[in-house]
Amino acid sequence: MTILDTILKEKEKEVALLKEQGENYPEALPKKKIPSFYETFQQSKTMSIISEIKRASPSKGDINAGVDPVEQAKLYEENGAGAISVLTDQAFFKGTMDDLYAVRQAVSLPILCKDFVIDRVQIDRAKAYGANIILLIVAALPKEQLKSLYDYARSRDLEVLVEVHNEMELIVAREIGANIIGINNRDLKTFQVSLETTECLADLVEDPSILLISESGIQTRKDAEKVRDSGAKGLLVGETLMRSGDIKKTIEDLKVPYSLPSAY
Ligand SMILES: O=C(O)c1ccccc1NCC(=O)[C@H](O)[C@H](O)COP(=O)(O)O
């Protein structure tokens with residue numbers, strides 16, 4: 001049994017409870033014009049960063065349990081993040097849906113509701129709490145269910161980051177029509193992180209209309225350069241930013257340019 005299996009078991013209980021409770025959403029959020037995640041990242045001249053609010057994780061335990069998500073999100077926005085990821089899972093990451101709702105009111109960047117989606121009810125909830133993007137993990141779902149959730153999210157005007165760990169999953173992501181693919185460098189069985197996962201899988205994606213995001217284990221400018229050279233246009237960074245004493249510098253370091261400045 002992997003950690004993903006354990007998390008998904010918990011999600012089944014959460015979904016059953018959500019359905020039992022019915023739509024118990026907070027007050028509707030005021031309308032705000034949020035830029036498209038896909039367009040912004042595709043058009044950027046530097047690596048773009050999805051900066052994550054991550055209090056804790058199964059692999060690391062507490063990372064920054066006392067963080068104020070709103071203050072952290074504002075720091076991310078002020079210092080050049082391209083999007084914000086809010087981990088909303090409570091049982092394993094100590095996040096909440098209220099974090100997402102509060103962050104939505106504080107910033108104008110696209111926000112990823114980072115959770116383990118197995119049912120439409122979670123997509124409706126993410127939308128109601130202010131998400132612009134949801135995550136679908138290929139390893140978590142049979143292909144038909146994945147496709148159905150993908151289409152449902154798109155019909156609700158949400159962008160979808162489809163996460164893969166290997167070649168088979170990448171094929172599935174392409175088959176369901178994903179235009180934003182996250183390559184997760186973390187092996188969910190061993191928790192080991194290897195940027196070679198991005199290197200190997202990105203190599204298999206020739207279509208430039210696919211936006212590739214390298215996820216997990218990014219710490220240094222060298223890491224950012226490595227995955228940029230593999231074909232990633234964006235990074236999903238949690239722990240490094242949550243532990244950083246200088247978010248401005250950390251983001252600046254990771255925003256590597258796509259082409260070297262001309263000598264002339
Ligand atoms: O981070 C974990 O330990 C983890 C374990 C099991 C499933 C998912 C997990 N992380 C979720 C993520 O995708 C990361 O938070 C995200 O990619 C950022 O990773 P990092 O920069 O290494 O914090």
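Both ligands and their constituent atoms are indexed starting at 1 by order of listing. FYI, side chains are in, hydrogens and waters are out, and symmetry mates aren't considered; it's all heavy atoms of this structure.
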Q. Do the charged groups of D115 and K11 touch, with an N to O distance under 4.0 Å?
A. yes
**Q.** Proximity winner for atom 13 (O) of ligand 1, if only heavy atoms of E215, E163, K114, K54 are counted
**A.** K114
Q.
Hydrophobic clustering (ILVMFWY, side-chain heavy atoms < 4.5 Å, transitive) - are L146 and I123 grouped together?
A. yes
Q: Around atom 16 (C) of ligand 1, find the nearest protein heavy atom and jot down its residue, atom name and distance.
A: E52 OE2, 3.4 Å
Q | Electrostatic pair E252-K249, nearest N-O below 4.0 angstrom | A | no
Q. So which bit of K60 gets within less than 4.0 Å of ligand 1, heavy atoms only: side chain, backbone, both or neither?
A. neither
Q.
Less than 4.0 angstrom from a charged side-chain N to a carboxylate O is my criterion; do E14 and K9 meet it?
A. no
Q.
Does only the side chain of M242 get under 4.0 Å from ligand 1, or the backbone, or both, or neither? Count heavy atoms.
A. neither
Q. Are the charged groups of K74 and E78 less than 4.0 angstrom apart, N to O?
A. no
Q) What is the nearest protein non-hydrogen atom to atom 17 (O) of ligand 1, stated with its residue, atom name and distance? A) S216 OG, 2.7 Å
**Q.** Taking atom 22 (O) of ligand 1 as the reference point, the nearest protein heavy atom with its distance
**A.** R186 NH2, 2.7 Å
Q: For the pair E175 and K143, find out whether any cationic side-chain nitrogen is under 4.0 Å from an anionic carboxylate oxygen.
A: yes
(Q) Measuring from non-hydrogen atoms of V237 to any atom of ligand 1, is the shortest distance under 4.0 Å? (A) yes
**Q.** Pair D62 + R55: basic N to acidic O under 4.0 Å
**A.** no
Q. Are any of the side-chain nitrogens in K147 or D151 under 4.0 Å away from the carboxylate oxygens of its partner?
A. yes
Q) Does an N or O anywhere in G217 fall below 3.5 Å from an N or O of ligand 1? A) yes
Q.
Cation-pi check for F191 against K60: NZ or CZ below 6.0 Å from the six-membered ring centre and within 45 degrees of the axis, yes or no?
A. no
Q: Could you find the nearest protein heavy atom to atom 21 (O) of ligand 1 and give me its residue, atom name and distance?
A: G238 N, 2.8 Å
**Q.** Atom indices of ligand 1, in the order listed, that fall short of 4.0 Å to a heavy atom of E239
**A.** 20 (P), 21 (O), 23 (O)
**Q.** Nearest non-hydrogen protein atom, atom 6 (C) of ligand 1
**A.** L188 CD2, 3.6 Å
(Q) Any atom of ligand 1 sitting under 4.0 Å from a heavy atom of L236? (A) yes
(Q) Within a 6.0 Å radius of atom CD on E206, are there more than 12 heavy atoms belonging to other residues, nucleotides or ligands? (A) no
Q) Between F93 and ligand 1, which residue portion shows a heavy-atom distance shorter than 4.0 Å: side chain, backbone, both, or neither? A) side chain
Q: Going by heavy-atom distance to atom 5 (C) of ligand 1, choose the closest among P58, A56, S85.
A: P58
**Q.** Residue and atom name of the nearest protein heavy atom (relative to atom 3 (O) of ligand 1), distance in Å to one decimal
**A.** S59 OG, 2.5 Å
